[in-house]
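In what follows, a single structure is set out as structure tokens and then discussed.
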Amino acid sequence: MPNKKPNAGTVIFAAESSCDETAAAVLRCSGESIEVLSDVVCSQIEMHRQFGGVVPELASRSHAEVIDKVADEAVRRAGIDISDIDMVAATYGPGLNGALLAALSFAKGLAFSLSVPFIGVNHIRAHIAANYIGTALKPPFLALTASGGHSSIMLMSGYDSCTVIGGTLDDAAGEAFDKVARVMGLGYPGGPAIEKAAANGEENINFYRHPLKNHGYDFSYSGLKTAVINYINTARQKSGLTQKQTADIAASFQKAALDMLLRNVSAALKEYRLDTLALAGGVAANTALRERLKTLCEKENIKLFVPPLRLCGDNAVMIGAAAWLKYLEKGAAAFSPLSLNSSPSLKACD
Ligand code: KG4
Ligand code: ZN
């Protein structure tokens with residue numbers, strides 16, 4: 001059971017490898033206090049960049065090669081002994097199957113060898129959990145998650161309990177950034193590249209997408225993505241893309257993509273009458289999104305929580321925090337059997 005050392009807090013080792021970052025972290029948790037003792041992320045971005053996106057087979061091989069070194073480094077930087085670990089956590093989904101297995105198998109093996117509880121973590125809820133670290137966030141609240149695999153609005157009724165009120169119908173927000181950037185030749189990952197190009201552009205192209213009928217707060221980015229790619233191809237056929245055109249397309253696409261997030265979240269906040277919103281996922285690093293949500297929340301008197309930039313992308317700190325919050329809410333029922341398998345298509349609130 002956790003808390004081997006009275007008053008010392010529960011030491012959690014967490015691991016993550018669902019996509020293109022191998023990560024491990026050590027946290028010390030007690031009640032609502034979550035202290036980060038170490039945070040190690042080994043990114044594969046340079047390796048995938050030459051292919052314009054994540055190559056799943058390369059990702060899983062690379063995770064398997066480095067997970068033990070990343071874990072060792074997290075324990076070393078935390079200044080703990082491996083026997084100090086009270087609980088082990090890892091992402092079990094959603095994500096790339098082979099990739100997920102690296103951290104999950106490692107973490108289950110560690111929990112087994114230390115005879116401590118293991119908690120399997122939902123990656124999407126972990127992105128949201130990053131908002132609890134060092135803040136006074138408390139449920140209930142609405143969470144807007146925008147990452148490479150998901151765009152969703154969730155009603156968080158507890159630390160780990162939620163309902164999806166708007167989901168991902170096709171491409172996710174981050175995926176649309178990545179695909180548009182690839183066609184524009186801006187490189188991978190597309191989000192930061194589009195944001196950089198957009199800084200010198202004007203939002204002078206109307207890529208407005210009408211809301212989908214009968215889909216509530218669901219998100220669909222494939223129509224916007226196709227419209228932008230068609231625009232790029234037509235412009236290329238006419239005269240080739242100038243730097244100015246590239247910047248304007250990036251700025252106009254970014255505006256349209258963020259409009260869709262803002263439109264759904266502001267309507268959901270009104271309907272659910274909640275006074276707190278938390279932003280999560282890789283796209284949460286986007287400065288324009290952060291600023292526009294800040295303006296919206298100030299106007300509507302809503303408390304806004306946004307993770308620090310370091311915790312917007314994939315990391316293991318959020319996995320440890322999510323595991324602890326799950327344990328706070330559910331006690332021993334939060335523990336997972338060591339037979340827990342990866343779940344590549346796990347839904348946000350499963
Ligand atoms: O959460 P994350 O690291 O991985 C997943 O769980 O999917 O999100 C990665 C996504 C990528 O699609 C990336 O292009 C996007 O987040 N992203 C951004 C920015 N930084 C990362 N999108 C827009 N603006 C950014 N600054
Ligand atoms: Zn993620």
Side-chain angles (χ1 to χ4, degrees), residues 14-23 25 41-45 48-49 52-54 56 59 63 90-96 99-100 103 121-131 143-152 168 171-184 186-199 201 219 221 224-225 228 250-251 253-262 278-293 306-319 321-322 343-348:
E16 149 70 34
S17 65
S18 64
C19 188
D20 57 358
E21 327 276 359
T22 321
V41 178
C42 175
S43 177
Q44 303 176 354
I45 281 178
H48 297 296
R49 187 166 275 149
V54 178
H63 286 308
T91 310
Y92 74 103
L96 301 168
L100 283 166
V121 170
N122 180 313
H123 182 89
I124 304 172
R125 298 221 283 287
H127 271 296
I128 297 168
N131 283 287
L144 172 65
T145 306
S147 71
H150 294 269
S151 325
S152 57
T168 317
D171 289 1
E175 198 178 350
F177 273 87
D178 292 337
K179 288 182 177 165
V180 166
R182 178 148 64 170
V183 174
M184 290 171 93
L186 294 176
Y188 170 83
I194 295 260
E195 179 166 20
K196 195 165 161 220
F219 294 101
Y221 276 94
L224 172 63
K225 176 197 72 181
V228 178
F253 160 72
Q254 177 173 269
K255 178 178 183 309
L258 301 189
D259 280 352
M260 286 158 69
L261 292 175
L262 268 284
L279 177 63
V283 184
N286 186 282
T287 309
L289 175 61
R290 293 163 88 97
E291 282 172 1
R292 287 182 63 181
L293 282 176
V306 177
L309 285 180
R310 164 114 190 124
L311 297 183
C312 287
D314 290 345
N315 64 86
V317 169
M318 68 183 194
I319 306 301
S343 183
S345 312
L346 189 67
K347 300 274 177 284

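One-based numbering, in listed order, for ligands and for the atoms of each.
- Nearest protein heavy-atom neighbour of atom 24 (N) of ligand 1: Asn286 ND2, 3.0 Å.
- Applying the 4.0 Å criterion to heavy atoms of Gly313 picks out, from ligand 1, the atoms 3 (O).
- Close approach to Glu195 involves these atoms of ligand 1, each under 4.0 Å from a residue heavy atom: 24 (N), 25 (C), 26 (N).
- Taking the six-membered ring where tryptophan is involved, the planes of Tyr221 and Phe219 are essentially parallel, since the angle between them stays under 30° and well short of 60°.
- Distance check: His150 NE2 to Thr168 OG1 gives 6.0 Å after rounding to the nearest 0.5 Å.
- Those atoms of ligand 1 with a heavy atom of Gly149 less than 4.0 angstrom away are 7 (O).
- At a heavy-atom distance under 4.0 Å, only side-chain atoms of His127, from C-beta outward, approach ligand 1.
- In terms of polar-atom proximity, Gly174 is counted as a contact of ligand 1, with an N or O under 3.5 Å from an N or O of the ligand.
- Taking the Zn ion (ligand 2) as reference, the nearest N/O/S atom within His123 carries the name NE2.
- Within the 4.5 Å cutoff, no side-chain heavy atoms of Val183 are placed close to those of Lys225.
- Checking His127 against the Zn ion (ligand 2), an N/O/S atom falls under the 2.8 Å cut-off.
- Look at Lys255 and Asp259 and you find a salt bridge, because one of the NZ, NE, NH1 or NH2 atoms lies within 4.0 Å of a carboxylate O, short of that distance.
- When only interatomic distances are considered, the shortest N/O to N/O separation between Phe177 and ligand 1 does not fall below 3.5 Å.
- Contacts with ligand 1 closer than 4.0 Å are made by side-chain heavy atoms of His123 only, the backbone lying farther away.
- Once rounded to the nearest 0.5 Å, the distance linking CG of Leu261 with OG of Ser151 reads 6.5 Å.
- Protein heavy atom nearest atom 17 (N) of ligand 1, with residue, atom name and distance: Gly282 O, 3.6 Å.
- Judged by distance alone, with hydrogens and angles left aside, the side-chain atoms of Glu21 form no donor-acceptor pair with the main-chain N or O of Val41 at under 3.5 Å.
- For ligand 1, the polar-atom distance check finds an N/O of Gly191 within less than 3.5 Å of one of the ligand's N/O atoms.
- For Asp178, every heavy-atom contact with ligand 1 shorter than 4.0 Å involves the side chain, none the backbone.
- The distance from atom CG of Leu346 to atom CD1 of Ile124, rounded to the nearest 0.5 Å, is 7.0 Å.
- Here His127 contributes atom NE2 and Thr145 contributes atom OG1; the two are 8.0 Å apart, rounded to the nearest 0.5 Å.
- Considering only heavy atoms from C-beta on, Leu293 stays 4.5 Å or farther from Val306 through its side chain.
- The protein heavy atom nearest to atom 9 (C) of ligand 1 is Gly148 N, 3.7 Å.
- Taking atom 2 (P) of ligand 1 as the reference point, the nearest protein heavy-atom neighbour is Asp314 OD1, 3.5 Å.
- Its N, O or S atom nearest to the Zn ion (ligand 2) is what matters here, and for Asp314 that atom is OD1.
- The shortest N/O to N/O separation between Pro189 and ligand 1 does not fall below 3.5 Å.
- Considering NE2 of His63 and SG of Cys19, their distance stands at 7.0 Å, rounded to 0.5 Å.
- Here Asp171 contributes atom CG and Lys179 contributes atom NZ; the two are 4.0 Å apart, rounded to the nearest 0.5 Å.
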